[in-house]
Amino acid sequence: HLLDPIVPEALKPRFETTGNLDFATHLKDGERFRVNMYRAGGHTHAAIRRVKAEIPDYNNLHLPPIYGELVEHTMEGLVLVVGVTGSGKSSTLAAMIEHINATRSENIITIEDPVEYRFIPKKSIISQREIGIDVDGYPTALRYIVREDPDVVFIGEMRDHDTVLAAIQAAETGHLVFGSMHTADTMQAFSRILEFFPSHEHGFLRHSLSNTLRAVCAQRLLPAVENFEVGVVPACEVLIGNPTVRQKIREGEDNDLPGVISRCEEGMQSFTHALADMVKKDWITTQTAMDYAPNRDAL
């Protein structure tokens, strides 16, 4: 009953039925928290994470310049930010959405479970739809989203066939779509997307992705050196959907993509290059880089 005062009334039946619940809450001083409640052994457990109320920017997050360039120059297509739980995906995507909000006159619609960062409309109009409160689920929200006349769509998590298909279709019809996925790197993002579809649809899917994909940005948070301005910094792997990448995706030559990334052209970078760069900048120690390196010899 400790959690009773903060659970939204509309969501209580869902917890009783499913034993799981995601929602966001805030204190009177504006501090926001993301809450996951779940039943275990007949008891109620909860994982509660603080979400900073202020929306970060690229500089504060120590992201590569390509993140800003992507948002500046991309008007349509699909941009994915991927990483494991707790890798800073939500903060990165919030920085991207806020940049558009502050610099462009767009209609932005987000579908989130739950809403983490609250955006204040600046040059853009922003509608944040929360699963379980504003709409019953992702499939329903995505079914109607193109009728809501968005320019920019943010899908909080692409977790199944329906959300991935809706994201690709929205990108194909001229929208700029941002989404997140729980995968460790860019290559796993491709395999995860394909897993959501039967094999006989992979040809269609590859063709659609080759036309719509603008970038996949994978990130991991690493402990920074002592006395650095922040406690953790992101190591980022970036794949840009240039003509070479689009051709590789269309023809099923995914295994060639790490080689394309490692050339570091057009803002692309591998985790190995990111780690080396962070050591040179004195953001992380050499030992930390080695601990996280996908290939220690290459690093």
### Short N-O contact, R32 and E116, less than 4.0 angstrom
no
### Message
So I168 and M158, do their side chains get closer than 4.5 Å, heavy atoms only?
### Response
no
### Query
Does E112 reach the side chain of R129, with side-chain heavy atoms less than 4.5 Å apart?
no
### Task
Mind checking ring pair (Phe, Tyr, Trp, His ring centres under 6.0 Å) for F196 and listing every partner two or more places apart, or none if nothing turns up?
none
### salt bridge (charged side-chain N to carboxylate O under 4.0 Å, His left out) contacts in which one or both residues fall within residues 213-228, not counting sequence neighbours
none
### Message
Please determine whether the number of non-hydrogen atoms from other residues, nucleotides or ligands lying under 6.0 Å from atom NE2 of H73 exceeds 12.
### Response
yes
### Query
Going by heavy atoms in the side chains, are L176 and R104 under 4.5 Å from each other?
yes
### Message
What I'd like to find out is whether the side chain of N101 reaches to under 4.5 Å of the side chain of E98, using heavy atoms alone.
### Response
yes
### Query
Are the charged groups of K12 and E9 less than 4.0 angstrom apart, N to O?
yes
#### Entry: NE2 (H45) with more than 12 external heavy atoms under 6.0 Å
yes
### Task
Compare all side-chain heavy atoms of P234 with those of L63 and state whether any distance is below 4.5 angstrom.
yes
### Query
Is T285 close to V279 at the side-chain level, that is, under 4.5 Å between some pair of heavy atoms?
no
### Task
Could you walk me through whether Y117 and S91 pass side-chain hydrogen bond (donor to acceptor under 3.5 Å, both in side chains), step by step?
CA-CA 8 Å; Y117 290 93; S91 298; 2.8 Å; yes
### Query
Can you list the residues that meet the side chain to side chain donor-acceptor pair (under 3.5 Å) rule with D277, with sequence neighbours excluded?
K281
### Query
How about L27: does its CG atom have over 12 heavy atoms from other parts shown lying under 6.0 Å from it?
yes
### Query
Is R159 salt-bridged to D113, going by a charged N under 4.0 Å from an acidic O?
yes
### Summary
Residue set satisfying side chain to side chain contact (heavy atoms under 4.5 Å, CB included) with V260, at least two apart, ordered chain then number -> T244, V245, R263, M268
### Task
Compare all side-chain heavy atoms of M96 with those of Y58 and state whether any distance is below 4.5 angstrom.
yes
### Task
Give a yes or no on this: more than 12 heavy atoms of other residues, nucleotides or ligands lie within 6.0 Å of atom NE2 of H26.
no
### Query
So which pairs with a foot in residues 68-81 pass salt bridge (charged side-chain N to carboxylate O under 4.0 Å, His left out), sequence neighbours left out?
none
### Query
Considering only heavy atoms from C-beta outward, does the side chain of R50 approach that of E31 to under 4.5 Å?
yes
### Message
Pair Y67, H62 - check ring-ring contact (aromatic ring centres under 6.0 Å, His included), show working.
### Response
CA-CA 10 Å; Y67 280 70; H62 297 85; over 10 Å; no
### Task
Nearest 0.5 Å please: distance from the CZ atom of R14 over to the CG atom of L11.
6.0 Å
### Message
Check this for me: D29, atom CG, are more than 12 non-hydrogen atoms of other residues, nucleotides or ligands nearer than 6.0 Å?
### Response
yes
### Task
Output, in order, the C-alpha distance, side-chain angles, deciding distance and verdict of side-chain hydrogen bond (donor to acceptor under 3.5 Å, both in side chains) for D160 and T163.
CA-CA 6 Å; D160 54 33; T163 52; 3.0 Å; yes
### Sequence-distant partners of K123, side chain to side chain contact (heavy atoms under 4.5 Å, CB included), two or more places apart
S105
### Task
Give, for atom CD of E237 and atom NE2 of H273, the distance between the pair rounded to the nearest 0.5 Å.
11.5 Å
